[in-house]
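Note sheet for the following structure.
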Amino acid sequence: MTVRSNIVGIDSPEALERALRTAYYLADEGLATASYLALALGKPLLLEGAPGVGKTEAAKAIAAVLGRRLIRLQCYEGIDASAALYEWNYPRQMLAIRQAGEESIDIYGETFLIERPMLAALRAPDSTVLLIDEIDRADQEFEAFLLEFLSDFQISIPERGTVRAAERPAVVLTSNRTRDLHEALRRRCVYHWIEYPTAEREARIVMLRASSVAESTARAVVAAVGKLRREPLSKAPGIAEAVDWAEAATLLHARGARWPDAFKRSIGVALKDEEDLTFISGRLDALIAEAAA
């Protein structure tokens, strides 16, 4: 196994944690260690956790720290290899055939190839980070195909041959754990489970991502969001919603709304489901007042 002792000046988990902070991402020791080991060992990083804990943002921050382009493959039910690897531009091929007339033409040249995320990452492993987002939403057939890709980091294009990565690309996979992933896929990755941050850390995140928000506002929003997450909601607010709620309440307050009314009026940036809003509406005043106290 090839170990990269130094990744763009990052030689330890602590150094990566500091670098991520400059990218406006506060990683705890566990995440910084798992990310560093994945990069140093050339292994994919598998991040699992509830929606909204910052899995996708972690991948974006890692790409920013490395100075690389983030290539995102959003998974969904029914996704297949053509959406992940490549496709041929058939209309352009047919047009080229008609224009060529009796002349011979290679319709499988580079100009007819539509590059998809996984092929793009193989071709530029030193300047990209491949994010395979919400792999648990894809079916098991696609997961098996992905397993083969992560084993060899190569793909075969029948008309052009095999494309191999010059080096192991940086790959981050995320999962909300709506279903269990195959054990073989987990074995190929460095794994980390991301929990919701502590109230103290989340308040720091809010103030880092929304510099106009006062500390008291950040702490009040974090306290309210923490209470909402303990409710049986269909879509609990994530960290991004906490940041947005703090910014929205601050904006309304600047336009004349009083506290805590500014929190209540901007609840739509934290809860984004009609049933959730109806469920919590009768206790919202008390919840916000208690959080803001």
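Numbering of residues begins at 1 and proceeds along the displayed sequence.
- Of the charged side-chain nitrogens involved, at least one lies within less than 4.0 Å of a carboxylate oxygen, so that Glu143 and Arg179 count as a salt-bridged pair.
- Counting only distance, with no hydrogens or angles, the side chain of Arg209 and the backbone of Asp244 share no donor-acceptor pair below 3.5 Å.
- Other residues, nucleotides and ligands place no more than 12 heavy atoms under 6.0 Å from the CD atom of Glu275.
- Across all their heavy atoms, Arg123 and Val163 have their closest contact at CG-CG1, 4.4 Å.
- Between the CG atom in Leu185 and the CD1 atom in Ile135 there is a gap of 6.5 Å [rounded to 0.5 Å].
- With rounding to the nearest 0.5 angstrom, the CG atom of Leu146 is 7.5 Å from the SG atom of Cys75.
- Of the possible polar contacts, none joining the Glu202 side chain to the Ala199 backbone as a donor-acceptor pair under 3.5 Å is found.
- For Glu110, the CD atom counts as densely surrounded, since its 6.0 Å shell holds more than 12 non-hydrogen atoms of other residues, nucleotides or ligands.
- One finds the CG atom of Leu147 at 4.5 Å from the CZ atom of Arg188 (value rounded to the nearest 0.5 Å).
- Under the 4.0 Å criterion applied to side-chain N and carboxylate O atoms, Arg204 and Glu200 are not assigned as salt-bridge partners.
- The 12-atom threshold is not exceeded at CD of Glu103, counting heavy atoms of other residues, nucleotides or ligands nearer than 6.0 Å.
- Residues Leu85 and Phe145 form a side-chain contact, since some pair of their non-hydrogen atoms from C-beta on lies under 4.5 Å apart.
- In terms of modelled atom types and a separation under 3.5 Å, the side chain of Thr128 and the main chain of Ala124 share a donor-acceptor contact.
- Between Phe149 and Phe153, the ring planes are perpendicular. Angles over 60° get that label, and only those under 30° would be called parallel.
- A donor-acceptor contact shorter than 3.5 Å is absent between the side chain of Asp133 and the backbone of Thr56.
- Just one of Val129, Ile62, Val171 meets the side-chain contact (heavy atoms from CB on, under 4.5 Å) condition when paired with Leu45; it is Ile62.
- Here the side chain of Asp136 pairs a donor or acceptor atom with the backbone of Thr178 at under 3.5 angstrom.
- No side-chain donor-acceptor contact under 3.5 Å links Ser35 to the backbone of Ala32.
- Within the model, atoms CZ of Phe279 and CG of Leu271 stand 11.0 Å from one another, a figure rounded to the nearest 0.5 Å.
- Looking only at side-chain heavy atoms (C-beta outward), Leu39 and Leu66 come within less than 4.5 Å of each other.
- The side-chain heavy atoms of Val221 and Val213, taken from C-beta on, include no pair separated by under 4.5 Å.
- In terms of modelled atom types and a separation under 3.5 Å, the side chain of Tyr36 and the main chain of Ala15 share no donor-acceptor contact.
- Residues satisfying the salt bridge (charged side-chain N to carboxylate O under 4.0 Å, His left out) test with Arg283, not counting sequence neighbours, are Glu231.
- In terms of modelled atom types and a separation under 3.5 Å, the side chain of Asp28 and the main chain of Gly30 share a donor-acceptor contact.
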For residues 284-293, please give each side-chain donor-acceptor pair under 3.5 Å, one per line with the distance, not counting sequence neighbours.
residue	atom	partner	partner atom	Å
Asp285	OD1	Lys264	NZ	3.0
Asp285	OD2	Lys264	NZ	3.3
Glu290	OE2	Lys227	NZ	3.1

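- Using a cutoff of 4.0 Å between basic side-chain nitrogens and carboxylate oxygens, Glu134 and Lys55 are not scored as salt-bridged.
- Using the six-membered ring where Trp is involved, Trp88 and Tyr86 have ring planes that are perpendicular, over 60° apart on the 30 and 60° scheme.
- When all heavy atoms of Ala246 and Thr217 are compared, the closest pair comes out as O-CG2, 4.2 Å.
- For Glu87 (side chain) and Ile114 (main-chain N/O), no donor-acceptor pair under 3.5 Å exists by modelled atom type.
- The CG atom of Leu20 sits 8.0 Å away from atom OH of Tyr25, with the distance rounded to the nearest 0.5 Å.
- Looking only at distances, a side-chain donor or acceptor of Arg229 sits under 3.5 Å from a matching main-chain atom of Pro237.
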